[in-house]
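As the structure lists them, so they are numbered: ligands from 1, and atoms in each ligand from 1. Each residue takes its place number in the sequence, starting with 1.
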Amino acid sequence: MIELSHIHKNFGDLQVIDDVSLKVNEGSVTALVGPSGGGKSTLLRCINLLETPTSGSIRIGDAVVDFAPGKKVGWDAIQKLRRQTGMVFQNFQLFPHRTALENVMEGLLTVLKWPRAKAESHARELLTKVGMAHKADAWPATLSGGQQQRVAIARALAMSPRVLLCDEPTSALDPELATEVVEVLSKLAAEGTTMVIATHDLRLASRVADHAVFLEAGKVVEQGSADMIFGAPKQERTRRFVSSINASQGGYGEGI
Ligand SMILES: Nc1ncnc2c1ncn2[C@@H]1O[C@H](COP(=O)(O)OP(=O)(O)O)[C@@H](O)[C@H]1O
Ligand SMILES: [Mg+2]
């Protein structure tokens, strides 16, 4: 279980996350949706402490960290929480000077100090899972965007995180390449991988998510089952947002 309680995040005078609370059950997939600038990336970055929340608390499994203005959070507590998350970025962020296989092995070797043979065997299994075993020795620059993102997903899974955080994982991809990433994420969802995915790709959200959170101006406007949020939202604001992306993407439930 992942639980965010009353998270606030300010950048100087700008309040970017305004009292967000949400729970993510083990094995569930949560879509974070909402207009650009609404705080989706910041909220994801708060979950793995790439950003430090101004106040509130975060629990992942049995690791809990409380934040308050001026309170210093210990490095051990930060590491304990961060170890439980894997992050997938819009622009992949693979190490360019390492092969696909080496990208996936990196954390196992440097952080977990696994012996090389064990790390390699686990990394190959993960590349197989994302359909990239045949490109194990390829350099990132020689791979398509969809292939790079699949390697990035394998890398994020390498240390067996409790939750996979994905920030617009298909947004940099052409529709065809986005499809192969959606396929991989939906397979992971079917296997019970806990995920939080910020996206405005309704095809991804509707296919993969069971819970959805609509975030605007740093506040949760509405949250509930993905079917409800995308199919019959209660709030007028959510309805307008969903119909505007439906209009541009071809409709929820039509597999587009
Ligand atoms: N490091 C930062 N410093 C100052 N403002 C930031 C920073 N990161 C994000 N913001 C601001 O926070 C708001 C939310 O941004 P973001 O979380 O990226 O939204 P989204 O991912 O929903 O588009 C925006 O107004 C953005 O300009
Ligand atoms: Mg964003």
Side-chain angles (χ1 to χ4, degrees), residues 2 4-22 24 29-58 67 69-70 72-73 78 81-82 85-94 145-146 148-149 152-153 156 163-175 177-178 181-182 185 195-206 208-209 211-224 226 229-230 233 235 237-246 248-249 252:
I2 294 150
L4 308 185
S5 303
H6 302 290
I7 296 295
H8 293 79
K9 175 65 184 172
N10 296 356
F11 289 113
D13 289 340
L14 184 67
Q15 186 166 42
V16 172
I17 300 294
D18 184 2
D19 200 25
V20 169
S21 295
L22 61 96
V24 175
V29 179
T30 299
L32 283 180
V33 297
S36 185
K40 301 180 294 297
S41 296
T42 305
L43 191 62
L44 283 180
R45 293 167 63 83
C46 282
I47 299 176
N48 74 351
L49 302 184
L50 282 173
E51 299 288 356
T52 306
T54 305
S55 61
S57 74
I58 298 179
F67 304 91
K72 185 110 177 64
V73 178
I78 290 176
L81 204 71
R82 199 173 274 165
T85 68
M87 187 97 174
V88 171
F89 301 91
Q90 178 172 345
N91 57 355
F92 331 128
Q93 298 199 10
L94 293 174
Q148 289 185 57
Q149 192 61 299
I153 291 167
V163 58
L164 188 63
L165 307 171
C166 303
D167 194 359
E168 306 277 2
T170 59
S171 300
L173 303 173
D174 292 339
L177 298 180
V181 171
V182 173
L185 293 174
M195 293 188 265
V196 181
I197 306 177
T199 186
H200 55 255
D201 180 344
L202 270 198
R203 179 182 58 164
L204 170 64
S206 61
V208 178
H211 191 79
V213 177
F214 177 58
L215 199 64
E216 184 174 52
K219 284 192 170 67
V220 174
V221 174
E222 186 168 2
Q223 60 175 313
I229 296 289
F230 299 128
Q235 302 289 330
R237 181 62 194 104
T238 316
R239 210 170 296 149
R240 265 189 290 132
F241 176 75
V242 170
S243 51
S244 75
I245 35 183
N246 266 333
S248 64
Q249 293 181 13
Y252 167 66

> Between Ile7 and Ile17, what is the shortest heavy-atom contact and its length?
Replying inline: O-CG2, 3.3 Å
>> As a test of understanding, state which of Val73, Thr85, Leu81 forms a side-chain contact (heavy atoms from CB on, under 4.5 Å) with Leu49.
In response: Leu81
> Any idea which heavy atoms bring Arg203 and Ser206 closest together, and the distance?
Replying inline: O-OG, 3.3 Å
> Between Glu222 and Ile229, is there a donor-acceptor pair closer than 3.5 Å when you use the side chain of the first and the backbone of the second?
Replying inline: no
>> Determine whether a donor-acceptor pair (N or O, by modelled atom type, separation under 3.5 Å) exists between the side chain of Lys40 and the backbone of Gly34.
In response: yes
Measure from every N or O atom of ligand 1 to the protein's N or O atoms and keep only the pairs below 3.5 Å, writing each with atom names and distance to 0.1 Å.
residue	atom	partner	partner atom	Å
ligand 1	17 (O)	Thr42	N	2.9
ligand 1	17 (O)	Thr42	OG1	2.5
ligand 1	19 (O)	Gly39	N	3.1
ligand 1	21 (O)	Ser41	N	2.9
ligand 1	21 (O)	Ser41	OG	2.9
ligand 1	22 (O)	Gly38	N	3.2
ligand 1	22 (O)	Gly39	N	3.0
ligand 1	22 (O)	Lys40	N	2.9
ligand 1	22 (O)	Lys40	NZ	2.8
ligand 1	23 (O)	Gly37	N	2.6

> Mind counting the protein N, O or S atoms sitting less than 2.8 Å from the Mg ion (ligand 2)?
Replying inline: 1
> His8 and side-chain contact (heavy atoms from CB on, under 4.5 Å): which partner among Asp19, Val16, Val20?
Replying inline: Asp19
> Does a side-chain heavy-atom distance below 4.5 Å link Phe230 with Val33?
Replying inline: yes
Can you give the donor-acceptor pairs under 3.5 Å from side chains of residues 86-94 to other protein atoms, not counting sequence neighbours?
residue	atom	partner	partner atom	Å
Asn91	OD1	Gln93	NE2	3.3

>> Tell me every residue that passes side-chain hydrogen bond (donor to acceptor under 3.5 Å, both in side chains) with Thr170, counting only those two or more places apart in sequence or in another chain.
In response: Asp201
